[in-house]
Each structure stands twice: as structure tokens, then as C-alpha cells.
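Everything below concerns the one structure shown next.
Excluded from the calculations below are hydrogen atoms, water molecules and symmetry mates; all remaining heavy atoms, backbone and side chain alike, are included.
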Amino acid sequence: LLQSSRVKQLIMELEATYDYVVIDSAPLTSVSDTLSISQLAHQTIAVVCAHTTKQTLVKWTDRLFSEGKLHNVGYVLNKVTTADDSVKLG
């Protein structure tokens with residue numbers, strides 16, 4: 001469904017109307033649709049959970065970016081507290 005020309009057309013119509021179009025999707029590792037729809041995105045924001053997200057997943061995301069499968073990757077690090085001396089990915 002997400003790879004259909006109708007979805008591409010819908011996103012193009014939304015881009016013509018709005019300054020920003022945000023598509024909230026499942027995690028990259030959950031379903032193949034997420035990687036497919038990311039090809040239509042100008043920016044990819046990956047949310048990483050402090051002390052939980054595995055470093056291998058972050059490295060995998062970086063590899064997808066370097067292979068051109070993700071565009072303009074940025075990260076949001078959540079679940080960090082002021083008590084954390086250093087933040088490590090699990």
C-alpha cells in the first residue's frame with residue numbers, strides 16, 4: 001500500500017499545500033513499509049531511547065543513510081534524566 005503511486009501522489013499534494021508534512025511510522029526494524037516510505041521523505045528522524053536502544057541499531061541506521069536508503073538522518077535521544085552521568089545506548 002505505502003509503495004503505491006497514490007501514496008506518492010498524496011504526499012506530493014500535501015507538500016504543495018503545507019510547509020511541513022510529518023509522517024509518523026513504525027520503527028525501521030518493525031515493518032518493511034517504514035523503509036519504503038522513507039524513500040519519499042526529505043528528512044528521517046530516528047528516536048533512540050537512552051540505556052535501551054542497542055548500538056547496533058544506531059549503526060544499522062547510519063549504514064542505511066550511507067547507502068542512500070535514508071535521507072538526512074537526525075536523532076532524538078529520549079528518556080534521559082538529569083541524574084545520568086553519561087548516556088550510553090544499551
Once rounded to the nearest 0.5 Å, what's the spacing between atom [atom1] of [X] and atom [atom2] of [Y]?
| X | Y | atom1 | atom2 | answer |
| --- | --- | --- | --- | --- |
| Thr44 | Tyr75 | OG1 | OH | 9.5 Å |
| Asn78 | Thr53 | CG | OG1 | 7.5 Å |
| Ile45 | Ser38 | CD1 | OG | 13.0 Å |
| Gln39 | His71 | CD | NE2 | 4.5 Å |
| Ile11 | Arg6 | CD1 | CZ | 10.5 Å |
| Glu15 | Leu10 | CD | CG | 10.0 Å |

With the 4.5 Å side-chain cut-off for hydrophobic clustering, are [X] and [Y] part of the same group?
| X | Y | value |
| --- | --- | --- |
| Val73 | Leu64 | yes |
| Leu77 | Trp60 | yes |
| Phe65 | Leu57 | no |
| Leu14 | Ile23 | yes |

Full working for side-chain contact (heavy atoms from CB on, under 4.5 Å) between Leu70 and Leu35 | CA-CA 8 Å; Leu70 296 175; Leu35 192 54; 4.0 Å; yes
All heavy atoms of Lys79 vs all of Ala50, minimum pair found to be O-CB, 3.7 Å
Would Val7 and Leu40 count as a side-chain contact (heavy atoms from CB on, under 4.5 Å) if you check the C-alpha gap in whole Å, the side-chain angles of each, and the deciding distance to 0.1 Å?
-> CA-CA 9 Å; Val7 171; Leu40 303 173; 4.3 Å; yes
